[in-house]
Novice: 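Here you go, one structure.
Chain A is the first sequence line, chain B the second, and so forth, proteins listed ahead of strands; every chain is numbered from 1. All values below were derived from every heavy atom in this structure, side-chain atoms included, with hydrogens, water molecules and symmetry-related copies excluded. This one's a predicted model, so the numbers in the text were calculated from it and none came from an experiment.
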Amino acid sequence: MSIKVRFAPSPTGFLHIGGVRTALFNYLFAKRNNGTFLLRIEDTDEERSTQASTDAIFEGMQWMKLNWDEGPMPDGTDKGPDTPYYQAQRADQGLYKKYIDQLIAEGKAYKCYCTAEELEANRQKCIEEHRPPKYSGKCRDLTPEQQQELEAQGRKYVIRFRMPEEGDVEWDDMIRGHVKFASKDLYDLVIQKTSGYPTYNFAVVVDDHLMGMTHVIRGDDHISNTPSQIQIYRALGWKEPIFAHLSMIHGPDGKKLSKRHGATNVVEFRNMGYLPEALKNYLALLGWATSDSQQLFAPGELEAKFDISGCQPSPAVMDPEKLNWMNGEYIRQTPLSALTDYALPFIEKAGIDISRVSREQLEAIIGLEQEKYKLLTEIPDLIRFFFEAPVFEQEALDKVFSKPEAKAVLEGIAKTYQDLTDFTDTSLEAATRAFAKENGYKAGQVFHPVRVAVSGRTHGPTLFKMIAYMGKEEVVARLQAALQYCK
RNA sequence: GUCCCGUUCGUCUAGUGGCCCAGGACGCCGCCCUCUCAAGGCGGAGAUCACGAGUUCGAAUCUCGUACGGGACGCCA
């Protein structure tokens with residue numbers, strides 16, 4: 001049987017980085033096993049679900065190139081046989097109701113008329129008596145007469161699942177091994193709200209079964225939901241899928257990753273200058289590794305090598321330093337033309353006017369420091385001086401222009417360049433070295449002031465390519481303009 | 001409070017009874033390369049494998065306890 005997995009987010013906020021990792025592992029598992037990766041929107045929370053959040057999920061998934069084989073598409077259509085893929089729509093079709101009715105008819109579920117206040121009072125009492133806070137079972141065995149009476153009073157009801165009380169519920173988790181819960185620790189959970197909508201624990205079971213999921217790969221915050229869900233599968237006469245519970249991502253303080261640890265929204269990572277491929281590679285290694293601890297993966301390699309048995313059961317702390325390194329690795333591997341495309345929005349945002357250079361020249365300029373970028377956001381400031389008059393760093397002024405020979409060097413080299421007919425990096429280097437030799441300077445005594453004069457900085461790209469790209473007129477003008485800063 | 005899960009360098013991890021007084025990667029330090037900064041190359045520091053007991057000729061690896069950490073306990077998902 002072909003493998004089928006899903007990512008089932010609820011649209012109640014932006015797409016969280018932890019969610020992206022769960023989606024990624026499902027995606028990779030499907031790819032590796034030639035299976036199907038499905039997306040389902042779990043919008044049964046009528047109050048918190050929003051269209052904007054659904055759009056954010058699409059945006060994040062698409063940016064990360066986590067393409068789903070089945071599910072809702074951003075254009076409003078559905079792809080696949082198990083349409084619709086929005087639980088709210090499925091609920092409106094009465095899809096869950098059918099199974100709720102079946103359970104009630106079989107005595108496996110019942111109506112509960114308890115109010116929020118009653119439930120809360122019970123919870124408090126449990127805590128005071130040092131018992132686990134679980135539903136008391138008050139409405140479990142109401143007679144039809146009692147039910148009628150309560151309904152006559154206008155009481156609303158929910159449907160609760162009658163949790164079997166005997167034995168243990170156990171399963172073999174692909175990541176954690178054998179997990180066992182005692183039935184007595186479970187309780188009669190609500191499966192249908194007063195609104196008529198199913199709750200999460202019921203809707204997932206129904207949909208995962210109906211949509212043919214063979215494996216459920218999700219965060220380990222769902223471990224304690226699993227035994228209840230297994231009992232629902234059994235009550236419905238269905239075989240449960242194979243479960244795999246991924247560890248969570250933690251912040252440096254060891255707590256579940258959240259806003260206070262910094263960026264958690266995928267889109268923020270895009271804005272911070274990360275490449276989706278790098279983030280994907282990094283996230284894949286958070287909780288998973290190959291037997292040789294491979295770090296960098298070529299396109300398609302993760303999809304080919306991902307093996308869920310390499311997943312770590314313990315939580316992983318996200319390390320921005322390593323992500324940055326990895327992003328730099330990916331930037332270095334990106335063809336210049338693609339890198340330029342990636343950089344363009346950031347350059348524009350930084351307000352740099354690049355209109356006077358051709359696309360080809362822009363690529364060359366960006367390429368000069370390709371091996372240096374870690375984040376796309378660093379690019380604008382590193383290429384800015386090509387397009388604007390240099391802003392002199394204090395350090396450059398102090399260290400380089402304070403040298404006694406600086407002024408003479410700039411004057412002389414300006415003249416040398418002025419007379420140069422072939423303004424290419426090779427002839428520039430030859431001319432500059434010749435100038436140094438003739439005047440008794442060490443190469444560095446000439447290179448450094450020139451660099452500062454044209455860029456304002458002590459460090460930057462390889463000097464002669466840099467000034468060649470800048471053009472003779474501009475370079476000579478900058479050399480002359482810089483004289484005023486020398487002693 | 002109850003239940004569940006977890007614990008190898010600062011961080012991500014390799015490791016499934018002898019090849020491990022523990023390997024790789026990020027970060028850090030040093031050297032080399034070099035027109036600067038990077039990148040790259042080479043080397044270094046960094047883990048009593050949470051702790052304790054047991055099984056075994058032999059344990060990071062198996063068993064049992066303890067500690068600490070995390071998660072769940074909703075008409076949220």
Novice: For A:R160 and B:C75, what is the distance between atoms CZ and C1' respectively, to the nearest whole Å?
Specialist: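 It is 8 Å, rounded to the nearest whole Å.
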Novice: At under 4.0 Å between heavy atoms, what does A:P313 touch on the DNA or RNA strands: base, sugar-phosphate, or nothing?
Specialist: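 The answer is sugar-phosphate, as A:P313 gets under 4.0 Å only of primed atoms, P, OP1 or OP2.
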Novice: When we call it a touch if two heavy atoms are under 4.0 Å apart, what does A:P461 touch: a base, just sugar-phosphate, or nothing?
Specialist: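 If one applies the 4.0 Å heavy-atom cut-off, A:P461 turns out to touch a base.
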Novice: Using a heavy-atom cut-off of under 4.0 Å over every strand shown, decide if A:S10 touches base, sugar-phosphate, or nothing.
Specialist: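 Sugar-phosphate contact only.
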Novice: Quick one: which protein N/O atoms are closer than 3.5 Å to N/O atoms of nucleotides 42-45 of chain B? Pair and distance per line, please.
Specialist:
none

Novice: Across all strands shown, which nucleotide pairs with B:U48 by Watson-Crick or G-U wobble geometry, both distances under 3.5 Å?
Specialist: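 Across any shown strand, B:U48 pairs with none.
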Novice: Base, sugar-phosphate alone, or nothing: which one does A:H222 contact when heavy atoms must sit under 4.0 Å apart?
Specialist: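 The residue A:H222 makes base contact.
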Novice: Write down the distance separating the P atoms in B:G6 and B:A50, rounded off to the nearest Å.
Specialist: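 So the two P atoms sit 14 Å from each other.
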Novice: Assuming nearest nucleotide by heavy-atom distance, tell me which of A:Y200 and A:T290 is located more 5' along RNA chain B.
Specialist: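 So the residue in question is A:T290.
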Novice: Considering every strand shown, what is the Watson-Crick or G-U wobble mate of B:U34 when both distances are under 3.5 Å?
Specialist: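 Matched B:U34 with nothing under the 3.5 Å cut-off.
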Novice: Look at the side chain of A:V317 and decide which nucleotide, out of B:C75, B:A14, B:U11, has an atom nearest to it.
Specialist: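 Looking only at side-chain atoms, A:V317 lies closest to B:U11.
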Novice: Find the distance A:Q295:CD to B:G23:C1' and express it as a whole number of Å.
Specialist: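 Roughly 12 Å, once rounded to whole Å.
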Novice: Using atom NZ of A:K437 as one end and atom P of B:C35 as the other, report the distance to the nearest whole Å.
Specialist: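 In whole Å, B:C35 P and A:K437 NZ are 15 Å from each other.
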Novice: Within 45 degrees of the axis of the six-membered ring of A:F243 and under 6.0 Å from its centre: does A:R218 put its NZ or CZ there?
Specialist: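 That pair does not qualify as a cation-pi contact.
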Novice: Crowded around A:E47 CD? As in, over 12 foreign heavy atoms under 6.0 Å?
Specialist: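 No - once you tally the heavy atoms of other residues, nucleotides and ligands closer than 6.0 Å, there are 12 at most.
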Novice: Between P on B:G71 and CZ on A:R176, what's the gap in Å once rounded to a whole number?
Specialist: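 Atom CZ in A:R176 sits about 13 Å away from atom P in B:G71.
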Novice: Taking any strand in view, what nucleotide pairs with B:C73 in a Watson-Crick or G-U wobble way, both distances under 3.5 Å?
Specialist: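 Across any shown strand, B:C73 pairs with B:G1.
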Novice: Indicate, with a heavy-atom threshold strictly under 4.0 Å, whether A:T44 touches base, sugar-phosphate, or nothing.
Specialist: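 A:T44: backbone/sugar contact only, no base atoms under 4.0 Å.
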Novice: Any strand counts, and the cut-off is 3.5 Å on both contacts for Watson-Crick or G-U wobble. Which nucleotide pairs with B:U55?
Specialist: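 Per the H-bond distance test, none.
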Novice: Once you apply a heavy-atom cut-off of 4.0 Å, does A:T432 come out as touching a base, just sugar-phosphate, or nothing?
Specialist: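 Here A:T432 touches no strand at all.
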Novice: For nucleotides B:C42 and B:C57, find the distance between their C1' atoms and express it as a whole number of Å.
Specialist: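 B:C42 and B:C57 have their C1' atoms separated by 42 Å.
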Novice: Go through B:C75, B:C76, B:U13 for me and flag the one nearest to the A:D45 side chain.
Specialist: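 Ranking B:C75, B:C76, B:U13 by closest atom to the A:D45 side chain puts B:C76 first.
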Novice: Mind checking if A:G328 touches a base, just sugar-phosphate, or nothing, with heavy atoms under 4.0 Å?
Specialist: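 The answer is nothing, as A:G328 stays clear of every strand by at least 4.0 Å.
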Novice: Does A:R48 reach a base, just sugar-phosphate, or nothing at all? Heavy atoms under 4.0 Å.
Specialist: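 Base contact - A:R48 has a heavy atom under 4.0 Å of at least one base atom.
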Novice: Could you tell me the separation between the CE atom of A:M318 and the P atom of B:A25, rounded to a whole number of Å?
Specialist: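 A:M318 atom CE is separated from B:A25 atom P by 21 Å.
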Novice: Just checking A:G444: base, sugar-phosphate only, or nothing, at a heavy-atom cut-off of under 4.0 Å?
Specialist: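 Result for A:G444 = nothing.
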Novice: Pick the C1' atom in B:C68 and in B:C26, then give their distance to the nearest Å.
Specialist: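 Per the computed distance, 27 Å lies between those C1' atoms.
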Novice: Report yes or no: is there a donor-acceptor pair, N or O only, under 3.5 Å between the side chain of A:T194 and the base of B:C75?
Specialist: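 Present.
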Novice: Expressed in whole Å, how much space separates the C1' atoms belonging to B:G27 and B:U63?
Specialist: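 Taking atom C1' in both B:G27 and B:U63, they lie 38 Å apart.
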Novice: Considering only heavy atoms and no angle criterion, is a donor-acceptor pair shorter than 3.5 Å present between the side chain of A:T462 and the base of B:C35?
Specialist: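 Yes, the side chain and the base share a sub-3.5 Å donor-acceptor pair.
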Novice: The side chain of A:E371 is closest to which nucleotide in this list: B:C35, B:C26, B:A38?
Specialist: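 So the nucleotide nearest the side chain must be B:A38.
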Novice: A:H448 vs A:F401, test: ring pair (Phe, Tyr, Trp, His ring centres under 6.0 Å). Steps then yes/no.
Specialist: CA-CA 9 Å; A:H448 297 314; A:F401 280 4; over 10 Å; no
Novice: State plainly whether the residues A:K125 and A:E128 are in salt-bridge range, i.e. N to O under 4.0 Å.
Specialist: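 Salt bridge absent between A:K125 and A:E128.
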Novice: Side chain of A:L285, heavy atoms from C-beta onward: which of B:U2, B:C12, B:U11 has the nearest atom to it?
Specialist: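 From the listed options, B:C12 comes nearest.
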Novice: Within the structure shown, what part of the strands sits under 4.0 Å from A:E170 by heavy-atom distance: base, sugar-phosphate, or nothing?
Specialist: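 No contact.
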Novice: Decide, yes or no, whether a salt bridge links A:E405 with A:K407 under the criterion of side-chain N to carboxylate O below 4.0 Å.
Specialist: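 A:K407 and A:E405: not salt-bridged.
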Novice: According to the Watson-Crick and G-U wobble definitions, with both distances under 3.5 Å, which nucleotide is paired to B:G6?
Specialist: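 B:C68 is the nucleotide pairing with B:G6.
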Novice: Between C1' on B:A77 and CD1 on A:I191, what's the gap in Å once rounded to a whole number?
Specialist: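 Between C1' of B:A77 and CD1 of A:I191: 17 Å.
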Novice: What is the distance, rounded to the nearest whole Å, between atom CD of A:E378 and atom P of B:A39?
Specialist: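 These atoms are roughly 11 Å apart.
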Novice: Centre-to-centre under 6.0 Å for A:F25 and A:F306, is that the case here?
Specialist: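 Here the rings of A:F306 and A:F25 have centres that are less than 6.0 Å from each other.
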Novice: Pick the P atom in B:A47 and in B:U8, then give their distance to the nearest Å.
Specialist: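 Pairwise P distance, B:A47 against B:U8, rounds to 14 Å.
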Novice: Looking at A:A284 and A:L24, what are the two nearest heavy atoms and their distance?
Specialist: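 Answer, listing the atom of A:A284 first, then A:L24: N-CD2, 3.7 Å.
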Novice: For A:C114, report the nucleic acid contact type (base, sugar-phosphate, nothing); a contact means any heavy atom under 4.0 Å.
Specialist: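 If one applies the 4.0 Å heavy-atom cut-off, A:C114 turns out to touch a base.
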Novice: For atom C1', what is the distance between B:C51 and B:C33, given to the nearest Å?
Specialist: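 Each nucleotide's C1' atom is 48 Å from the other's.
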Novice: Measuring to OP1 and OP2 of B:A38, would you say a side-chain N or O of A:R332 lies under 4.0 angstrom away?
Specialist: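 No, A:R332 has no side-chain N/O under 4.0 Å of OP1/OP2 on B:A38.
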Novice: Does the cation-pi check pass for A:R332 over A:Y330, that is, NZ or CZ under 6.0 Å from the six-membered ring centre and within 45° of its axis?
Specialist: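 Negative - A:R332 is either too far from the ring of A:Y330 or too far off its axis.
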Novice: Can you figure out which of B:C5, B:A25, B:G27 approaches the side chain of A:I223 most closely?
Specialist: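 So the side chain of A:I223 is nearest to B:C5.
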Novice: Taking N and O atoms by type only, does the side chain of A:R451 place a donor or acceptor under 3.5 Å from a partner on the base of B:C35?
Specialist: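 A donor-acceptor contact between them is present.
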Novice: With distance as the sole criterion, is a donor-acceptor pair present between the side chains of A:Q295 and A:K322 under 3.5 Å?
Specialist: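 Indeed, the side chains of A:Q295 and A:K322 share at least one donor-acceptor pair under 3.5 Å.
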Novice: Taking for each residue the nucleotide of RNA chain B with the nearest heavy atom, is it A:L463 or A:D220 whose nucleotide lies nearer the 5' end?
Specialist: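 The residue whose closest nucleotide sits nearer the 5' end is A:L463.
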Novice: Is it the case that more than 12 heavy atoms not belonging to A:Q51 sit under 6.0 Å from its CD atom?
Specialist: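 Yes.
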Novice: For A:K255, which contact category applies under a 4.0 Å heavy-atom criterion: base, sugar-phosphate, or nothing?
Specialist: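 It contacts sugar-phosphate atoms only.
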Novice: Can a salt bridge be assigned to the pair A:R478 and A:E474 using a cut-off of 4.0 Å between side-chain N and carboxylate O?
Specialist: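 Yes.
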Novice: Nearest to the side chain of A:F181, which nucleotide is it out of B:A14, B:C35, B:C4?
Specialist: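 Output: B:C4.
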Novice: Below 4.0 angstrom from OP1 or OP2 of B:C76, is there any side-chain N or O of A:K193?
Specialist: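 For B:C76, OP1 or OP2 has a side-chain N or O of A:K193 closer than 4.0 Å.
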Novice: Out of B:G71, B:G6, B:U13, which nucleotide sits closest to the side chain of A:P315?
Specialist: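 Per side-chain heavy atoms of A:P315, the pick is B:G6.
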Novice: Using a heavy-atom cut-off of under 4.0 Å over every strand shown, decide if A:D43 touches base, sugar-phosphate, or nothing.
Specialist: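 Touches nothing.
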Novice: Counting any heavy atom closer than 4.0 Å, what does A:S291 reach on the DNA or RNA strands: base, sugar-phosphate only, or nothing?
Specialist: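 It contacts sugar-phosphate atoms only.
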Novice: Taking atom C1' in both B:A38 and B:C32, what distance in whole Å separates the two?
Specialist: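 Pairwise C1' distance, B:A38 against B:C32, rounds to 15 Å.
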Novice: Determine the Euclidean distance between corresponding C1' atoms of B:A45 and B:C29; express it in Å to zero decimal places.
Specialist: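 My reading of the C1' atoms in B:C29 and B:A45 gives 7 Å.
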Novice: side-chain hydrogen bond (donor to acceptor under 3.5 Å, both in side chains) with A:Y342: which residues, sequence neighbours excluded?
Specialist: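 Result, side-chain hydrogen bond (donor to acceptor under 3.5 Å, both in side chains) vs A:Y342: A:E277.
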Novice: Given atom OH of A:Y187 and atom P of B:G74, what is their separation to the nearest angstrom?
Specialist: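 Rounded to the whole Å, the gap is 5 Å.
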